[in-house]
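Computed from heavy atoms alone, side chains included, the values below leave out hydrogens, waters and symmetry copies. Every number for a ligand or one of its atoms is a count from 1 in the order of the listing.
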Amino acid sequence: MWTNFAGDQTCFPSKFARPATVDEVSRLVTEAASRGDTVRVVGAGHSFGGNVLTDGTLISLDELSGLHHADPATGLVRIGAGTRLHELNRLLDAHGLAMPNLGDINVQSAAGAISTATHGTGRKLGNLATTVESIELVKADGSVMELSTGDELRAARVSVGALGVITAYTLRTVPSFRLHEERRKMPLTRVLSELDDHVDGNDHFQFFAFPHTRDVLAKSLNRSGEPANPPGRAAEYVNDMLVENRALDAVSKVGRRWPKQIPRLNRTMTALASSSSRVDVSHRVFSSPRQVRFTESEWALPRAACVEVVRAIQAEIDRQGLAVNFPLEVRFVAADEASLLSPSFGRETAYVAVHMYEGMPWRPYLEAVQRIATEHGGRPHWGKRHSLDAATLAGRYPEWETFQTIRRAYDPDGVFANNHIRRIFGA
Ligand SMILES: Cc1cc2nc3c(=O)[nH]c(=O)nc-3n(C[C@H](O)[C@H](O)[C@H](O)COP(=O)(O)OP(=O)(O)OC[C@H]3O[C@@H](n4cnc5c(N)ncnc54)[C@H](O)[C@@H]3O)c2cc1C
């Protein structure tokens with residue numbers, strides 16, 4: 001049995017394989033196709049939706065990982081697609097290189113993160129797929145392609161595993177750098193009224209807005225020439241593991257047992273939050289451990305709609321009396337056209353994420369947020385929960401048909417499909 005990180009997506013693949021060469025991947029795909037079987041790939045299983053699920057062949061690329069080549073002069077690096085991001089950071093560090101931006105955690109595989117357009121925050125920075133210069137991909141007929149230009153590359157960067165098995169990437173990285181992090185508690189009304197100043201005035205800006213409270217936790221990161229002053233391993237453990245993870249988990253358990261107490265618990269959590277600052281190597285600042293289990297939706301919205309959407313979600317929580325113990329997380333991503341299915345395709349984007357603790361009813365909240373996001377032309381994160389189908393998604397992506405033409409050519413018989421892929425991309 002296979003289960004995702006959140007523990008709410010489960011499947012029973014007929015075969016589980018960990019190929020160590022591209023030839024083995026190719027053989028696995030052709031054998032499965034000749035049996036009429038389907039193939040899905042799993043990275044770290046950190047997606048929230050059903051995109052990994054299969055009763056056919058499930059492939060893990062954990063053995064196809066590591067750094068093949070790094071050129072510090074150009075920043076170009078060649079990696080195995082199964083490389084976990086924390087491993088990638090360590091390998092790049094050794095060459096004085098770094099990813100220009102990262103998300104909240106670092107345990108995903110490169111291919112899993114890139115294929116769903118995983119992103120961090122920073123108005124001038126695109127999602128992780130924008131760093132991809134070239135892709136090695138095994139198609140449904142077992143042939144191995146190197147995609148380095150044109151629409152085929154733009155289709156494969158963000159393809160949710162629907163075009164084939166990605167076995168290697170060439171990424172464009174940057175010289176390693178340090179970040180100064182500042183965390184502050186601020187009134188929501190102030191953050192929203194000054195939003196453009198915060199987003200435009202920092203390399204990376206994001207905020208967490210706790211429902212049922214008036215305050216947000218704002219986080220800004222800026223490149224720094226100062227020496228690193230990390231909190232120290234013990235302090236970091238206490239902060240990340242005991243305070244952020246264990247305290248949140250304990251409070252969430254109380255909230256799940258007594259949902260009426262959630263507004264009070266959220267007010268206590270924000271009251272206890274304190275300001276802090278530090279300087280450290282970029283990847284240590286971007287990501288932190290997450291051990292609390294939850295489910296999540298995230299919507300890519302036109303940046304100009306951000307304030308209205310945040311206000312509308314808060315109002316809907318109050319109107320429906322929803323008990324929501326996790327904060328809304330709001331981040332900003334540059335417009336790009338590097339991927340046909342980039343959720344930030346063609347527009348500066350505000351991402352609004354909403355979460356629900358494991359075992360709590362998530363549907364009314366996530367569905368309400370989907371309705372609000374839809375009113376503003378929101379595009380769902382490809383690795384998170386939503387219930388849109390191909391017909392609806394087609395209207396939100398200007399180059400949808402180009403992707404579909406390439407998908408039909410690469411996988412005419414749906415070898416890489418499952419129920420989720422058929423829903424979001426069509427049969
Ligand atoms: C705690 C937590 C924090 C998160 N934080 C962020 C964040 O800050 N920003 C953000 O944008 N997202 C975030 N996410 C979402 C996460 O980055 C994505 O869901 C990502 O896809 C997970 O990577 P993975 O390796 O676990 O991929 P999986 O979930 O295993 O797979 C994701 C998709 O990629 C496909 N795939 C994987 N490998 C290959 C391959 N080699 N070839 C072809 N297809 C492949 C899979 O079939 C699947 O469709 C978070 C998720 C969690 C659970």
K124 NZ: over 12 foreign heavy atoms closer than 6.0 Å:
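Not more than 12 within 6.0 Å, no.
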E152 versus Y410, side-chain donor and acceptor atoms under 3.5 Å
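A donor-acceptor contact under 3.5 Å links the two side chains.
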Is a side-chain donor-acceptor pair under 3.5 Å present for S143 with D141?
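Judged by distance alone, the side chains do pair up.
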In sequence, state the C-alpha distance, the side-chain angles, and the governing distance for D62 and R18, and then conclude on salt bridge (charged side-chain N to carboxylate O under 4.0 Å, His left out).
CA-CA 7 Å; D62 282 353; R18 290 166 62 105; 3.6 Å; yes
Which residue pairs pass the salt bridge (charged side-chain N to carboxylate O under 4.0 Å, His left out) test with at least one member in residues 354-364, sequence neighbours excluded?
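Matches after skipping sequence neighbours: R363-E367.
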Using heavy atoms and a cut-off under 4.0 Å, could you grab the residues that are in contact with ligand 1, chain by chain, numbers ascending?
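Answer by chain and number: F5, R40, V41, V42, G43, A44, G45, H46, S47, F48, N51, V52, L61, G103, D104, I105, Q108, S109, A111, G112, A113, S115, T116, T118, H119, V160, G161, G164, V165, I166, R290, F294, R331, H381, G383, K384.
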What is the ring orientation for H198 with F205, classed by angle as parallel under 30°, tilted 30 to 60°, or perpendicular over 60°?
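Plane angle under 30°, so parallel.
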